[in-house]
Enquirer: 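Sharing a structure below in structure tokens format, with a few things to ask.
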Amino acid sequence: MAAARPAFRMLRWLVGSGVRGCSSGAPVTQPHPGVAPQPAGEELPARLQYLREHAAPFSAFLTDGFGRQHSYLRISLTEKCNLRCRYCMPEEGVPLTPRADLLTTEEILTLARLFVKEGVDKIRLTGGEPLIRPDAVDIVARLHQLQGLRTIGVTTNGINLARLLPQLQKAGLGAINISLDTLVPAKFEFIVRRKGFHKVMEGIHKAIELGYRPVKVNCVVMRGLNEDELLDFVALTEGLPLDVRFIEYMPFDGNKWNFKKMVSYKEMLDTIQQRWPQLKKLPEEESSTAKAFKIPGFQGQVSFITSMSENFCGTCNRLRITADGNLKVCLFGNAEVSLRDHLRAGASEEELLSIIGAAVGRKKRQHAGMFNIAQMKNRPMILIGLPSKLRTSPLVSLSVSSRAPRHVLDLRPRVSVPTQMSALWKGYRAPQTLTAQPRIGFGSPQRCYCSHKDSEDSDSKCLNSGSGESAAPSGPRSTSDKLTHLDSEGRAAMVDVGQKPDTDRVAVASAVVLLGPVAFRLVQQNQLRKGDALAVAQLAGIQAAKLTSQLIPLCHHVALSHVRVRLELDGARHAVVIRASCRARGPTGVEMEALTSAAVAALALYDMCKAVSRDITVGDVRLLSKTGGQRGDFHRV
């Protein structure tokens, strides 16, 4: 394999020679779409045929456990930016990594050289804003000299583009993405909190003037802010060779992501098709992140990046290196490994490859899903990787060991949250990253979700549905044969708790959903078309606990201080066991909140799976324990 690798590199270099300038720094020539590069001589086809027959397999270090070959590397040149985009950077800014901890130019080139040697043929320079780095042009020129690298791209906010682009093109820059979220100058200043709209437009026209085809324009669409400009952006493609790429609003730490702000791909597409019904879908490359469309007769095209509503994880070929030298195998993941530290410790090329290969090998089949991403602790987009020691948020990340006990889903707000349904997305942030990974030793892969560990109120063991629990009292207990929700005349009435003392109340309830083998497997592998069933059921359970007094007529409203919903996969029964616990301090108990939470979580799971099977059973909804109150504690044992 090692002997064949040089031939493979030469093959990629020959195939890519038509899209790059020469190593002397001559301007890049951009091929027209659909036109293959022309061979330099008559013997070239025969040489290509020989190299194809003798090419080595793609690097094992850059191939993950699902066979995805990572040939595209994004390198952040800086964490700094000259804009303050609302969806990218928190309003208060971010704590920047000390300069000494950022990758040097030589370290960037060393890592780039290693990745290209292993099969990466496209590098995109990002930030922050990459073009504020003083040696950005020099970095492009030196990357251009790497044999086998077919494309060097940059993603920029466009402020410095018009001034630097002639130098960048001469250095070897082959592709440009420019961020622009509005065509209204005043709105531009509101979104980015800075001036500069005309500089961005100047950069776009400079790129067209210098022959870049297409010039990609990235537009993050946000409801209530710029979704009314969709048609204006599309109209730009009539006379300009642009690829306007509409990006679904994505959550990153600090950008106050709100589910209601997201405009889905299908909604955007429907809006555009109403104006241009002749819009046609274009063929997609296997590893493309965008769904491309074109209006007949228009010079340019439009695309949609559907990270939230329709993920493209199955064909992902991207890796990322942050400005401080961390390798991220998934944009929406919070797992990182520091290549900088190993590099500075003197690691050999073989050792670095082993570290890279291990990280790539751990890459999951797909990201956590639209609902879980919003709750994950991740870097702000401006950083895509702030070291955990610099995080000032009280939210902490959790690494789940493969030796952990039975798999559960666990999410507990640390503080009381609003009870309105809309507040789930407006104000609620999960206090923990949800992680999922295969489970070894139980016969089949299991999904594990956990949001807290080592908490003072965590159980020492997870719920075991086969434990044979039965009811037993704990502490003093008094019961009554009289119904308390009746008045003296036998009519239903709410109990007056105004004179009862406030005490700490805790209740735990459970429910079981028997899914059957087909639905269970899809839930276990997170392959349901509707999305992540466990995450949706968990959120439904939390919300139901907060709304219990609105659902159960004679229930008192309780200000909950803690809600936790955990879901465990039971492979033997093809079931999901749900356990909900609620805590409050007040004059009345929270057993109804716990029971409602477990029941509604079970119903939500049924709703997510009913398209797969109608033979689903929801049952065994019962109170497991309650503490606090005058009647004493209760524990089912």
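Nothing here was measured: the structure is a model prediction, and the numbers come from that model.
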Enquirer: Just how far is it from atom NZ of Lys195 to atom CD1 of Ile159, taken to the nearest 0.5 Å?
Expert: 12.0 Å
Enquirer: At their closest point, which heavy atom of Ile139 faces which heavy atom of Leu109, and how far apart are they?
Expert: O-CD2, 4.3 Å
Enquirer: Report the C-alpha distance between Thr322 and Lys328 in whole Å, list the side-chain angles of each, state the deciding distance to 0.1 Å, and finish with yes or no for side-chain hydrogen bond (donor to acceptor under 3.5 Å, both in side chains).
Expert: CA-CA 8 Å; Thr322 62; Lys328 286 178 70 75; over 6 Å; no
Enquirer: Quick check: does any side chain N or O of Gln69 sit under 3.5 Å from a backbone N or O of Leu62, one acting as donor and the other as acceptor?
Expert: no
Enquirer: Using ring centroids (six-membered ring only for Trp), state whether Phe246 and Tyr265 fall under 6.0 Å.
Expert: no
Enquirer: Are any of the side-chain heavy atoms of Ile123 and Leu149 separated by less than 4.5 Å?
Expert: yes
Enquirer: As a quick check of understanding, evaluate side-chain contact (heavy atoms from CB on, under 4.5 Å) for Gln301 and Phe293, giving each step before the final call.
Expert: CA-CA 6 Å; Gln301 64 184 49; Phe293 293 79; over 6 Å; no
Enquirer: Can you name the side-chain contact (heavy atoms from CB on, under 4.5 Å) partners of Arg163, sequence neighbours left out?
Expert: Asn160
Enquirer: Quickly, which of Asp64, Val120, Ile75, Val329 forms a side-chain contact (heavy atoms from CB on, under 4.5 Å) with Leu319? Name it, please.
Expert: Val329
Enquirer: Count the heavy atoms of every other residue, nucleotide or ligand shown that sit under 6.0 Å from NZ of Lys199, and state whether that count exceeds 12.
Expert: no
Enquirer: Could you pull out the closest heavy-atom pair between Ala171 and His144, with the gap in Å?
Expert: O-CB, 3.3 Å
Enquirer: Taking ring pair (Phe, Tyr, Trp, His ring centres under 6.0 Å) as the definition, give me every residue that meets it alongside Phe115, ordered by chain and number, with sequence neighbours left out.
Expert: none
Enquirer: Checking Gln167 now: which residues fulfil side-chain contact (heavy atoms from CB on, under 4.5 Å) with it, not counting sequence neighbours?
Expert: Val137, Leu164
Enquirer: Hey, what do you get for CG (Leu111) to CG (Leu352), rounding to the nearest 0.5 Å?
Expert: 7.0 Å
Enquirer: Please examine the side chains of Thr237 and Gln299, heavy atoms only from C-beta on, and report whether any two atoms are closer than 4.5 Å.
Expert: no
Enquirer: Using side-chain contact (heavy atoms from CB on, under 4.5 Å), reason through Lys363 and Cys316 one step at a time and then give a plain yes or no.
Expert: CA-CA 11 Å; Lys363 185 171 182 176; Cys316 178; 3.1 Å; yes
Enquirer: Looking at residues at least two apart in the chain, or sitting in another chain, which of them share a ring pair (Phe, Tyr, Trp, His ring centres under 6.0 Å) with Phe233?
Expert: none
Enquirer: Distance from His205 atom NE2 to Ile208 atom CD1, nearest 0.5 Å?
Expert: 6.0 Å
Enquirer: Nearest 0.5 Å, please: how far is OG in Ser179 from NZ in Lys216?
Expert: 12.5 Å
Enquirer: List the atom of Arg74, the atom of Thr126, and the distance in Å for their closest heavy-atom pair.
Expert: NH2-CG2, 3.5 Å
Enquirer: Can you list the steps and then say if Glu209 with Lys206 is a salt bridge (Lys or Arg N to Asp or Glu O under 4.0 Å)?
Expert: CA-CA 5 Å; Glu209 175 189 327; Lys206 175 61 72 173; 3.5 Å; yes
Enquirer: Can you list everything that forms a side-chain contact (heavy atoms from CB on, under 4.5 Å) with Gln278? Sequence neighbours excluded, please.
Expert: Trp276, Ile295, Pro296
Enquirer: Evaluate the side-chain proximity of Arg133 to Thr105: yes if any heavy-atom separation is below 4.5 Å, no if none is.
Expert: yes
Enquirer: Rounded to the nearest 0.5 Å, how far apart are CG of Leu180 and CZ of Arg245?
Expert: 13.5 Å
Enquirer: With a 4.0 Å cut-off on N to O distance, would you call Lys294 and Asp243 a salt bridge?
Expert: no
Enquirer: Using side-chain heavy atoms (C-beta onward) and a distance below 4.5 Å, is Pro166 in contact with Leu210?
Expert: yes
Enquirer: Test side-chain contact (heavy atoms from CB on, under 4.5 Å) on Ile204 and Leu242; report intermediate values, then the result.
Expert: CA-CA 9 Å; Ile204 292 173; Leu242 302 176; 3.9 Å; yes
Enquirer: For a salt bridge (Lys or Arg N to Asp or Glu O under 4.0 Å) check, start with the C-alpha distance between Asp607 and Lys530, then their side-chain angles and the critical distance, and finish with the verdict.
Expert: CA-CA 10 Å; Asp607 180 64; Lys530 278 190 173 183; 3.8 Å; yes
Enquirer: I need the Asp324 CG to Ser338 OG distance, nearest 0.5 Å.
Expert: 7.0 Å
Enquirer: With sequence neighbours excluded, give me every ring pair (Phe, Tyr, Trp, His ring centres under 6.0 Å) pair touching residues 166-194.
Expert: Phe188-Phe197
